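This report concerns only the one structure given below.
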Amino acid sequence: MFNLEATLFCGQTFAWQKDGSTYRGVIGQRLVTLDVNEPCSAIVSDPFLRHYFDLEYPYEEAEAHLAALDPKLGELLSVHRSIHILNQDPWETTLSFITSQNNTIRRIRNLLDALRQTYGKEVAPDHHALPTPDELLRESSEDRLRALGFGYRAEYLLDAAGKSNLLATVSDLTDEEALHTLQRIHGVGPKVASCILLFAYGRKDVFPLDTWTGRILASFYPGKDPSFFSPYGGIAQQHLFYAERRKIDSHW
DNA sequence: GGCCAGGAGGCCT
DNA sequence: AGGCCTCATGGC
């Protein structure tokens with residue numbers, strides 16, 4: 001089994017919280033509850049969760065490749081074990097990573113929770129889905145989003161909602177074409193587009209380059225660029241990011 | 001009070 | 001194409 005804790009809290013999703021002996025998250029329109037000690041059977045027996053947790057992808061092969069490529073990654077893989085790249089909903093991923101730009105993880109979570117509480121459907125008592133594009137366009141506005149604390153990103157969320165049809169075309173495109181297409185959304189640049197491709201479309205060779213991963217490359221891999229980790233740049237990036245973040249605080 | 005946060009748009013050369 | 005400035009907001 002993969003490392004569920006790391007998979008949920010390595011920064012690829014902001015939907016989950018750990019309370020007591022359970023992980024809870026609203027994924028799509030559904031509240032998912034997993035027992036911290038016995039999550040496997042619930043995941044394996046559920047087709048939706050099997051796909052969400054990416055059980056069909058051959059991680060052993062990718063991880064063996066990365067461990068052989070570079071000793072630092074080999075060590076991280078032995079510590080983290082397997083971190084899976086989730087197959088998240090493209091729209092939810094777009095909302096999440098537009099919100100993430102120039103922001104802190106704590107505040108990203110708070111803003112997305114506010115978005116759920118304010119506009120999302122209540123799928124279980126006190127648990128709300130993220131708003132759909134239509135819900136956002138119909139019920140919200142730039143002023144209201146600014147009032148929630150989104151600041152200058154308010155306009156970006158509404159533009160993304162209006163262009164959500166773009167997301168349906170991405171699956172047929174190459175990585176390069178998809179990066180270009182996603183950046184037609186205002187507020188989506190190279191980094192956010194990379195996160196959407198990796199975390200929603202399973203493009204395992206896309207390496208989101210941000211302040212953290214840029215620093216990591218500069219200090220541990222001088223002279224190298226993300227193509228060094230190809231064709232598993234996305235997986236490598238996630239282990240590098242998680243390792244670096246864990247030095248700061250283990251619970252965010 | 002300046003600087004930074006899982007950046008990106010706009011404008012300048 | 002590359003280099004600044006600005007964009008809300010909050011924590012340190």
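Not measured: the values here are computed from a predicted model. So you know, we letter chains A, B, ... as the sequences are listed, proteins then strands, and number each from 1. Both backbone and side-chain heavy atoms feed into the values below; hydrogens, waters and symmetry mates do not.
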Integer angstrom distance from the [atom1] of [N] to that of [M]:
N: B:dA8; M: C:dG10; atom1: P; result: 22 Å
N: C:dT6; M: B:dC4; atom1: P; result: 16 Å
N: B:dG6; M: C:dA1; atom1: P; result: 30 Å
N: B:dG2; M: C:dC5; atom1: P; result: 15 Å

Once hydrogens and angles are ignored, does a donor-acceptor distance under 3.5 Å link the base of [N] to the side chain of [X]?
X: A:Y242; N: B:dG6; result: no
X: A:Q237; N: B:dG6; result: yes
X: A:Q12; N: B:dG6; result: no

Counting only side-chain nitrogens and oxygens, does [X] get under 4.0 Å of the OP1 or OP2 atom of [N]?
X: A:T211; N: B:dG7; value: yes
X: A:R215; N: B:dA5; value: yes
X: A:R106; N: B:dA5; value: no

Can you identify which nucleotide, out of [options], has its nearest atom closest to the [X] side chain?
X: A:Y152; options: B:dA8, B:dG7, B:dA5; result: B:dG7
X: A:V192; options: B:dG7, B:dG6, C:dT9; result: B:dG7
X: A:R146; options: B:dG6, B:dG10, C:dA8; result: C:dA8
X: A:Q238; options: B:dA8, B:dG10, B:dG6; result: B:dG6
X: A:D210; options: B:dA5, B:dG7, B:dG10; result: B:dG7
X: A:R107; options: C:dA8, B:dA8, B:dG6; result: C:dA8

Euclidean distance, atom [atom1] of residue [X] to atom [atom2] of [N] [Å, nearest integer]:
X: A:I185; N: B:dG9; atom1: CD1; atom2: C1'; result: 15 Å
X: A:L217; N: B:dG6; atom1: CG; atom2: P; result: 17 Å
X: A:L111; N: B:dA5; atom1: CG; atom2: P; result: 17 Å
X: A:L157; N: B:dG7; atom1: CG; atom2: C1'; result: 14 Å
X: A:Q183; N: B:dA8; atom1: CD; atom2: P; result: 7 Å
X: A:L179; N: B:dA8; atom1: CG; atom2: C1'; result: 15 Å
X: A:Y156; N: C:dA8; atom1: OH; atom2: P; result: 9 Å
X: A:W212; N: B:dG7; atom1: CH2; atom2: P; result: 10 Å

Tested for ring-ring contact (aromatic ring centres under 6.0 Å, His included) against A:H84, the lone hit among A:F199, A:F53, A:Y59 is A:Y59
When you measure from the centre of the six-membered ring of A:W212, is the NZ or CZ of A:R245 closer than 6.0 Å and no more than 45° off the axis?
yes
Within 45° cone and under 6.0 Å: A:K224 NZ/CZ vs A:F228 ring
yes
Under 3.5 Å, is there a donor-acceptor pair linking the side chains of A:E155 and A:H186?
yes
Close aromatic pair by centroid cut-off 6.0 Å: A:F150 and A:Y156:
no
Upstream residue (5' side of DNA chain B) when A:I108 and A:V188 are each assigned their closest nucleotide
A:I108
Does A:D210 come within less than 4.0 Å of A:R215, counting only side-chain N to carboxylate O?
no
